[in-house]
Protein chains: 2
Amino acid sequence: MTDSAQLAFRALADPTRREIIRLLTQQDMSIAALTAHFDMTRAAVKKHLTVLREGGLIVVHPQGRERLNRLDPAGLEPVLDWLGLFDQFWDDRLDRLKSVVERSPE
Amino acid sequence: MTDSAQLAFRALADPTRREIIRLLTQQDMSIAALTAHFDMTRAAVKKHLTVLREGGLIVVHPQGRERLNRLDPAGLEPVLDWLGLFDQFWDDRLDRLKSVVERSPE
DNA sequence: ACCATGCGATACCAAAAGGTATCTAGTCAA
DNA sequence: TTGACTAGATACCTTTTGGTATCGCATGGT
């Protein structure tokens, strides 16, 4: 009963992992293919993939000697659910802020 | 130009900080008031509040000798924006998965 | 003026996270 | 079966993170 939202939020907290997610929205990819997009070793990418899998955000399905990593949208549900708890709150204030934010580029 | 989404995602990655957010949706609170809800020292809570402020999720406004922490919904925008990039993707597959997930409690 | 109180800042510690190097094990082609 | 390629596992290192303990600084009541 380890809070599944926790594992998902943790998985999303790293920029490399979010980039992996972005890449996987384009197509399923092997570790080697993903590693080509980063300046780090295959082992490091593997660790990120493990965290993503623990967070339920990807699934692996072996194909011959390759193991393709595929995005699993169901893993995002806990995150969306949590954020949804505050829909009312965010909406109320976001609406009021929108015009303000747009005209103050900071 | 430090990616603001990164700071926000990092702030959301800790369960204590998410609980703080939840508490702050009810009412603005001082550090002391927040600390009463956790089994940790005021200094630890203070650190979490710093991370939340860096993530743009809360703002502090002094009131006498108290400093009330207030939720800032604008800080969540980068997160919602990032998630929004995959709306199409999630939606497509979430719809297909919904019934499946509901009948497979795993 | 005093003293409680509410916070901020710092130094310090243990554990977790991100990374590399290296070794081992399957799978496919010749 | 040998060799090349793809990936998992482990040991190890460094940095970050979450936490405590402690000190000092304002603020407000008496």
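Keep in mind it's a predicted model, so treat the numbers as computed, not measured. We name chains A, B, ... by the order of the sequence lines, and we start the count at 1 in each one.
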A/Lys47 vs A/Val60, nearer the 5' end of DNA chain D by closest nucleotide = A/Val60

May I have the distance from A/Lys46 (atom NZ) to C/dA21 (atom C1'), rounded to whole angstrom?
-> 16 Å

Does C/dC13 pair with anything, Watson-Crick or G-U wobble, both distances under 3.5 Å, and if so, with which nucleotide?
-> D/dG18

Rounded to the nearest Å, what distance is computed from the CG atom of residue A/Asp28 to the C1' atom of nucleotide D/dT6?
-> 17 Å

Below 3.5 Å, does any donor atom in the side chain of A/Arg42 face an acceptor in the base of D/dG8, or the other way round?
-> yes

Nearest to side-chain heavy atoms of A/Ala43, which nucleotide of C/dA21, D/dG18, C/dG8 | C/dA21

Report yes if at least one side-chain N or O of B/Arg65 is closer than 4.0 Å to OP1 or OP2 of C/dA4; otherwise report no.
-> no

To the nearest Å, how far apart are B/Ile20 CD1 and D/dG18 C1'?
-> 12 Å

Searching all strands shown, indicate the nucleotide that pairs with D/dT27 (Watson-Crick or G-U wobble; both distances under 3.5 Å).
-> none

5' precedence on DNA chain C between A/Val45 and A/Gly64 (nearest-nucleotide basis) | A/Val45

Hey, does A/Ala32 reach any base, or is it just sugar-phosphate, or nothing, if we go heavy atoms under 4.0 Å?
-> sugar-phosphate

Worked verdict on B/Arg67 versus B/His61 for side-chain hydrogen bond (donor to acceptor under 3.5 Å, both in side chains) | CA-CA 6 Å; B/Arg67 296 170 61 85; B/His61 69 104; over 6 Å; no

Can you tell me how far C1' of D/dT17 sits from CG of A/Asp14, to the nearest Å?
-> 14 Å

Protein-nucleotide distance (A/Leu49, atom CG; C/dG19, atom C1'), rounded to Å | 15 Å

Given A/Ile58, A/Leu71, A/Thr16, the one that forms side-chain contact (heavy atoms from CB on, under 4.5 Å) with A/Ile21 | A/Leu71

Could you grab the distance from atom CZ of B/Arg18 to atom CD1 of B/Ile20, nearest 0.5 Å is fine?
-> 11.5 Å

Examine D/dG18: is either OP1 or OP2 under 4.0 Å from a nitrogen or oxygen in the side chain of B/Arg17? Give yes or no.
-> yes

Syn/anti state for C/dA4 [syn: chi within 90° of 0] = syn

Distance check: side-chain N/O of A/Thr41 vs OP1/OP2 of C/dG19, anything under 4.0 Å?
-> no

Can you tell me the distance, in whole Å, between the CD atom of A/Gln63 and the C1' atom of D/dC5?
-> 17 Å

Figure out the CG/P separation between B/Leu68 and C/dG8, and round it to whole Å.
-> 11 Å

Are A/His48 and C/dA17 close enough that a side-chain N or O sits under 4.0 Å from OP1 or OP2?
-> no

Do any N or O atoms from the side chain of B/Glu54 and from the backbone of B/Ala8 form a donor-acceptor pair under 3.5 angstrom?
-> no

Polar side-chain atom of B/Arg70 near backbone of B/Val60 as donor-acceptor pair, under 3.5 Å | no

Winner on side-chain proximity to A/Glu66, out of C/dC7, C/dG18, D/dT6, is D/dT6

Side-chain contact check for A/Met40: nearest option of C/dC7, C/dG19, D/dG19 is C/dG19

Under the 3.5 angstrom rule, does the side chain of A/Asn69 hit a backbone N or O of A/Met29 as a donor-acceptor pair?
-> yes

In whole angstrom, give the distance that lies between atom CZ of A/Arg10 and atom P of C/dG18.
-> 7 Å

Does A/Arg67 make a side-chain N or O approach to OP1 or OP2 of D/dT6 shorter than 4.0 Å?
-> no

